[in-house]
Amino acid sequence: MNPNDMRDMLAYLSALEQHNQREWFHQNKTWYKQAGASFEALVAALMEMLRARDGSIPAADPKTLTFKLMRDTRFSHDKSPYNPTFRAHIGPQGKLPIPVGYYIMIRPGDRSFLGGGLFADMFKDATAMVRAHIAAHGDDWQRIISAPDFAAHFTVAGTALKKVPAGYDVAHPQAAYLRHKSWYLEYPVTDAQLCAPDFVANAAKVFAQMQPFNAFLNEALVGFQMPTR
């Protein structure tokens, strides 16, 4: 990945954040297309590196893995029309949140991150499946999250209940994680790291360290069906 392309992406997003209006966006459509193409090239490079390490990741058009900048403002107090971030999810089913995969969000100002795991907490069946899997395989879960390479880089985050839900032992060794409704990882990335020549290789290494965590969750989620709209 050319560091100049990354700098251009960050510059575009910074400008969009300052001028978050449809008129500005359309006046700068050529810049948007250029920055967007650079992001798709980054996603393609990451996908190829991930496929070499994680057999669950299929080949895909990077366009299908990215999220739009346009925001749905119908039910939001914030009426700014664009989300000034480039985002993508590289998973076994593309950008669908389940099965879980690898997430990248680029936002200038040292607000970018690499992510993994289950971010979505609105799928009650998925939460129940993961919770039951952790309860039944607590030793495996503990081995993954306490592995030196994992513990040195990640902390399991996610929305959580105040108490262990009914039906689970409050004294279970993994009780803290049984309260969760989602289980995910965020690895912060600075603008300087994004613009380094070895960013793609380093990002792929970070994602590789997330792989056992993702694999555990996806084992729990076998048979999950995304709700139909």
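Note that the numbering runs from 1 along the sequence shown for the chain.
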K.L.:
Return yes when atom NZ of K68 has more than 12 non-hydrogen atoms of other residues, nucleotides or ligands closer than 6.0 Å, and no otherwise.
P.N.:
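Atom NZ in K68 is not crowded, with 12 or fewer foreign heavy atoms closer than 6.0 Å.
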K.L.:
Is it the case that the ring center of W183 lies less than 6.0 angstrom away from the ring center of Y177?
P.N.:
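Distance test on ring centres: not under 6.0 Å, no.
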K.L.:
Please check if the side chain of K95 supplies one atom and the backbone of T66 the other of a donor-acceptor pair under 3.5 Å.
P.N.:
yes
K.L.:
Determine the minimum heavy-atom distance between A120 and F123, stating which atoms define it.
P.N.:
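Taking every non-hydrogen atom into account, CB-CE1, 3.7 Å.
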K.L.:
Assess the residue pair D140 and H133 against the criterion (side-chain contact (heavy atoms from CB on, under 4.5 Å)); give the C-alpha distance rounded to whole Å, side-chain angles, the decisive distance to 0.1 Å, and a yes or no.
P.N.:
CA-CA 10 Å; D140 293 337; H133 200 64; over 6 Å; no
K.L.:
Any link between W31 and M70 through a network of hydrophobic side chains (Ile, Leu, Val, Met, Phe, Trp, Tyr) touching at under 4.5 Å?
P.N.:
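In one cluster: yes.
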K.L.:
Tell me if a side-chain donor or acceptor on R22 pairs with a main-chain N or O of P81 at a distance below 3.5 Å.
P.N.:
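Not a single qualifying donor-acceptor pair exists.
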K.L.:
For the residue pair Y187 and H153, categorise the inter-ring angle as parallel (less than 30°), tilted (30 to 60°) or perpendicular (more than 60°).
P.N.:
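Judged by the thresholds at 30° and 60°, the geometry between Y187 and H153 is tilted.
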K.L.:
How long is the gap from CG on D198 to CD on Q193, to the nearest 0.5 Å?
P.N.:
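Taking CG in D198 and CD in Q193, the distance rounds to 9.5 Å.
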K.L.:
Return the minimal non-hydrogen interatomic distance between A151 and I145, and the atom names on each side.
P.N.:
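Nearest heavy atoms, A151 then I145: CB-O, 3.8 Å.
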K.L.:
With rounding to the nearest 0.5 Å, note down the distance linking CG in N202 to CZ in F207.
P.N.:
12.0 Å
K.L.:
Please name all residues satisfying side chain to side chain contact (heavy atoms under 4.5 Å, CB included) with Q34, sequence neighbours left out, ordered by chain then number.
P.N.:
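Once residues adjacent in sequence are excluded, the partners of Q34 under the side chain to side chain contact (heavy atoms under 4.5 Å, CB included) criterion are D8.
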K.L.:
Take the angle between the ring planes of W24 and H19 and call it parallel below 30°, perpendicular above 60°, tilted in between.
P.N.:
parallel
K.L.:
Report the C-alpha separation of F216 and R143 in whole Å, then their side-chain angles, then the decisive distance to 0.1 Å, and conclude whether the side-chain contact (heavy atoms from CB on, under 4.5 Å) test is met.
P.N.:
CA-CA 11 Å; F216 181 95; R143 188 160 44 250; over 6 Å; no
K.L.:
Atom CZ in F150, atom CG in L185: separation rounded to 0.5 Å?
P.N.:
4.5 Å
K.L.:
For the CD1 atom of I144 and the CZ atom of F154, what is their distance to the nearest 0.5 Å?
P.N.:
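Going from CD1 on I144 over to CZ on F154, the span is 12.5 Å.
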K.L.:
Could you tell me the separation between the CG atom of L217 and the CZ atom of F224, rounded to the nearest 0.5 Å?
P.N.:
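One finds 13.0 Å between CG of L217 and CZ of F224.
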K.L.:
What are the two closest non-hydrogen atoms of C195 and L10, and how far apart are they?
P.N.:
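That closest heavy-atom pairing would be SG-CD1, 3.8 Å.
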K.L.:
Say whether, by atom type as modelled, one donor and one acceptor occur between the side chain of N214 and the main chain of G117 under 3.5 angstrom.
P.N.:
yes
K.L.:
Does any non-hydrogen side-chain atom of H89 lie less than 4.5 Å from one of P97?
P.N.:
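Not touching, per the 4.5 Å side-chain cut-off.
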K.L.:
How long is the span from the CG atom in N2 to the CZ atom in R7, to the nearest 0.5 Å?
P.N.:
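N2 atom CG to R7 atom CZ measures 8.0 Å (nearest 0.5 Å).
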K.L.:
Quick one: does D191's side chain have a donor or acceptor within less than 3.5 Å of a partner on P108's backbone?
P.N.:
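Not confirmed, D191 side chain does not pair with P108 backbone.
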K.L.:
What are the two closest heavy atoms between E40 and P62, and how far apart are they?
P.N.:
O-CB, 3.5 Å
K.L.:
Verify, without hydrogens or angle tests, whether R53 (side chain) and L50 (backbone) share a donor-acceptor contact under 3.5 angstrom.
P.N.:
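Not at all, since once roles are kept as given, no pair shorter than 3.5 Å links the two residues.
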K.L.:
When the side chains of residues 99-107 are checked against the rest of the protein, which donor-acceptor pairs come out under 3.5 Å, sequence neighbours left out?
P.N.:
residue: Y102; atom: OH; partner: D54; partner atom: OD2; Å: 2.6
residue: R107; atom: NH2; partner: E17; partner atom: OE2; Å: 3.0

K.L.:
For side-chain contact (heavy atoms from CB on, under 4.5 Å), just list the numbers for L69 and F86, CA-CA rounded to whole Å, side-chain angles, deciding distance to a tenth of an Å, and then say yes or no.
P.N.:
CA-CA 7 Å; L69 296 183; F86 283 130; 4.1 Å; yes
K.L.:
For V164 and H172, run side-chain contact (heavy atoms from CB on, under 4.5 Å): C-alpha distance rounded to whole Å, both residues' side-chain angles, the deciding distance at 0.1 Å, then the answer.
P.N.:
CA-CA 9 Å; V164 174; H172 191 287; over 6 Å; no
K.L.:
If you count the non-hydrogen atoms of other residues, nucleotides and ligands that lie under 6.0 Å from CG in D72, is the total more than 12?
P.N.:
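Yes, CG of D72 has more than 12 neighbouring heavy atoms, counting only those of other groups under 6.0 Å.
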